[in-house]
S.K.: 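The structure's right below; bear with me while I get my questions together.
Small disclaimer: the values here were computed from a predicted structure and weren't measured.
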Amino acid sequence: MQPNVISLVSIGRHPQSGRARRSEQDARALELGLKLSGTNLRVAHAGNPQDAVLRQYAGMGLKEMTVLKQSVEVDVIPSLRHYIESQSAQIALLGVRSESGESSGMVPYILAESLGWPIVSRVADIVSVENGIAEVLLALPRGQRRAVSVRLPFIATVDNAAPAPRQTAYGPAQRAKIDVIDVPEVQDELRVNWSEAPAKPRPKRLKVVKAKTAAERFKAATAKAQGGSGKVMSDESAEEKAQAIFDLLIEEKVIR
């Protein structure tokens with residue numbers, strides 16, 4: 001039996017040109033949703049139903065998609081939560097963070113808290129869903145993977161390590177139905193008072209290359225990071241773990 005899956009998509013922005021496009025990670029989330037549910041996948045967006053970028057998602061083979069009509073300054077969480085609950089969804093797929101707007105990556109976490117669901121972050125693949133339990137592969141640094149089991153329902157943020165999205169096709173994109181739903185708008189009081197400006201690139205830390213031969217450079221590039229001072233805490237209490245993190249931040253001078 002196929003799980004009831006919803007993919008939530010946003011309007012992305014090309015990093016060089018700044019032009020609106022389908023978000024790379026949201027498109028991967030949609031691709032993963034198509035793998036799990038096929039044509040039964042439901043895709044939703046909260047925003048302007050006239051935005052041409054939505055057709056780029058529809059061109060991935062969708063017969064229809066839903067747009068929760070609301071303005072840019074409105075909080076998307078209430079409308080998304082109500083839609084997910086109304087559809088009796090079991091899995092909600094999103095990108096790790098959006099490519100426009102606040103781009104904080106907090107929407108999946110706030111949405112999960114609002115629904116009372118667990119969240120699985122940086123998913124590379126959902127291998128199977130059987131008897132209400134999903135076998136999930138998490139993306140780790142250097143191409144490593146970790147397999148976990150998650151009970152439905154849950155929210156998953158899809159990493160760049162997930163399978164690449166298929167190309168969008170013009171004909172199916174134009175034929176897809178855009179189902180518009182008017183939703184009550186909840187003003188985002190914090191965002192109203194914000195002003196947006198182009199981000200400045202962060203200074204990069206200089207990397208000192210000590211390797212002299214090609215073999216040494218290859219070993220340095222592929223070797224697993226060795227955290228000599230690292231400590232694995234699994235049996236300690238939450239207070240002890242929090243204190244250890246606090247002490248490390250003090251030691252690294254992150255907190256003064």
Side-chain angles (χ1 to χ4, degrees), residues 1-10 22-23 25-47 49 54 56-70 76-98 106-139 147-159 161-163 165-166 168 172-173 175-184:
M1 181 177 179
Q2 290 180 334
N4 190 357
V5 182
I6 288 180
S7 288
L8 304 178
V9 298
S10 61
R22 65 175 183 176
S23 174
Q25 292 178 344
D26 287 348
R28 290 175 187 266
L30 200 159
E31 183 68 38
L32 182 56
L34 288 172
K35 172 194 167 186
L36 294 173
S37 294
T39 56
N40 293 324
L41 174 70
R42 274 166 289 182
V43 181
H45 166 73
L54 297 177
Q56 297 182 14
Y57 291 110
M60 294 175 66
L62 304 180
K63 294 182 179 179
E64 64 178 1
M65 64 182 300
T66 302
V67 177
L68 310 175
K69 184 180 179 181
Q70 60 181 51
V76 299
I77 299 298
S79 59
L80 292 178
R81 181 193 64 202
H82 181 267
Y83 178 74
I84 291 174
E85 291 176 335
S86 67
Q87 299 299 314
S88 302
Q90 297 172 297
I91 301 175
L93 302 173
L94 301 86
V96 174
R97 64 171 55 87
S98 64
M106 290 300 296
V107 168
Y109 293 90
I110 299 174
L111 189 57
E113 182 181 30
S114 177
L115 290 165
W117 290 8
I119 181 169
V120 186
S121 60
R122 294 198 173 279
V123 170
D125 196 6
I126 297 178
V127 181
S128 64
V129 180
E130 295 180 357
N131 300 322
I133 297 178
E135 299 295 330
V136 181
L137 286 181
L138 304 182
V148 298
S149 298
V150 187
R151 184 174 297 280
L152 305 182
F154 66 89
I155 285 181
T157 60
V158 179
D159 190 83
R166 67 192 68 182
T168 182
R175 290 192 293 270
K177 177 185 176 184
I178 304 295
D179 185 19
V180 181
I181 300 177
D182 290 312
V183 296

S.K.: Hey, are the side chains of Ser23 and Tyr57 touching, using non-hydrogen atoms and a 4.5 Å cut-off?
M.R.: yes

S.K.: Under 4.5 Å between any side-chain heavy atoms of Ile84 and Leu115, yes or no?
M.R.: yes

S.K.: Using the test side-chain contact (heavy atoms from CB on, under 4.5 Å), find all partners of Ile178 that sit at least two apart in sequence or belong to another chain.
M.R.: Arg55, Met65, Val67, Val180

S.K.: State, with a plain yes or no, whether a side-chain heavy atom of Leu94 is found less than 4.5 Å away from one of Val107.
M.R.: yes

S.K.: Can you tell if the side chain of Arg22 reaches within under 4.5 Å of the side chain of Pro165, non-hydrogen atoms only?
M.R.: yes

S.K.: Can you list the residues that meet the side chain to side chain donor-acceptor pair (under 3.5 Å) rule with Lys35, with sequence neighbours excluded?
M.R.: Asp125

S.K.: Would a 4.5 Å heavy-atom cut-off, applied to side chains only, mark Leu30 and Leu41 as touching?
M.R.: yes

S.K.: Would you compute the distance between atom OG of Ser121 and atom CG of Leu138 and round it to the nearest 0.5 angstrom?
M.R.: 7.0 Å

S.K.: With the side chain counted from C-beta on, respond yes when Tyr83 and Val183 share a heavy-atom pair under 4.5 Å apart, and no when they do not.
M.R.: no

S.K.: Sequence neighbours left out, what passes side chain to side chain donor-acceptor pair (under 3.5 Å) with Glu31? Give chain and number order.
M.R.: Arg166

S.K.: Mind checking what makes side chain to side chain donor-acceptor pair (under 3.5 Å) contact with Gln70, not counting sequence neighbours?
M.R.: Ser79

S.K.: Within a strict 4.5 Å, meaning less than it, do heavy atoms of the Leu34 and Leu62 side chains meet?
M.R.: yes

S.K.: Which residues pass the side chain to side chain donor-acceptor pair (under 3.5 Å) test with Ser10, not counting sequence neighbours?
M.R.: Asp26

S.K.: Please examine the side chains of Asn40 and Val5, heavy atoms only from C-beta on, and report whether any two atoms are closer than 4.5 Å.
M.R.: no

S.K.: Apply side-chain contact (heavy atoms from CB on, under 4.5 Å) to Ala161 and list each qualifying residue two or more places apart in sequence or on a separate chain.
M.R.: Ala124, Ala139, Arg145, Asp159

S.K.: Cut-off 3.5 Å, no hydrogens considered: what does the side-chain donor-acceptor table look like for residues 148-158, sequence neighbours left out?
M.R.:
residue: Ser149; atom: OG; partner: Glu135; partner atom: OE1; Å: 3.0
residue: Ser149; atom: OG; partner: Glu135; partner atom: OE2; Å: 3.0
residue: Thr157; atom: OG1; partner: Arg122; partner atom: N; Å: 2.9

S.K.: For residues 85-94, which residue pairs qualify under side chain to side chain donor-acceptor pair (under 3.5 Å), counting only residues two or more places apart or in two chains?
M.R.: Arg42-Gln87

S.K.: Strictly by side chain to side chain donor-acceptor pair (under 3.5 Å), give each pair with a member in residues 107-119 just once, sequence neighbours left out.
M.R.: Arg81-Ser114

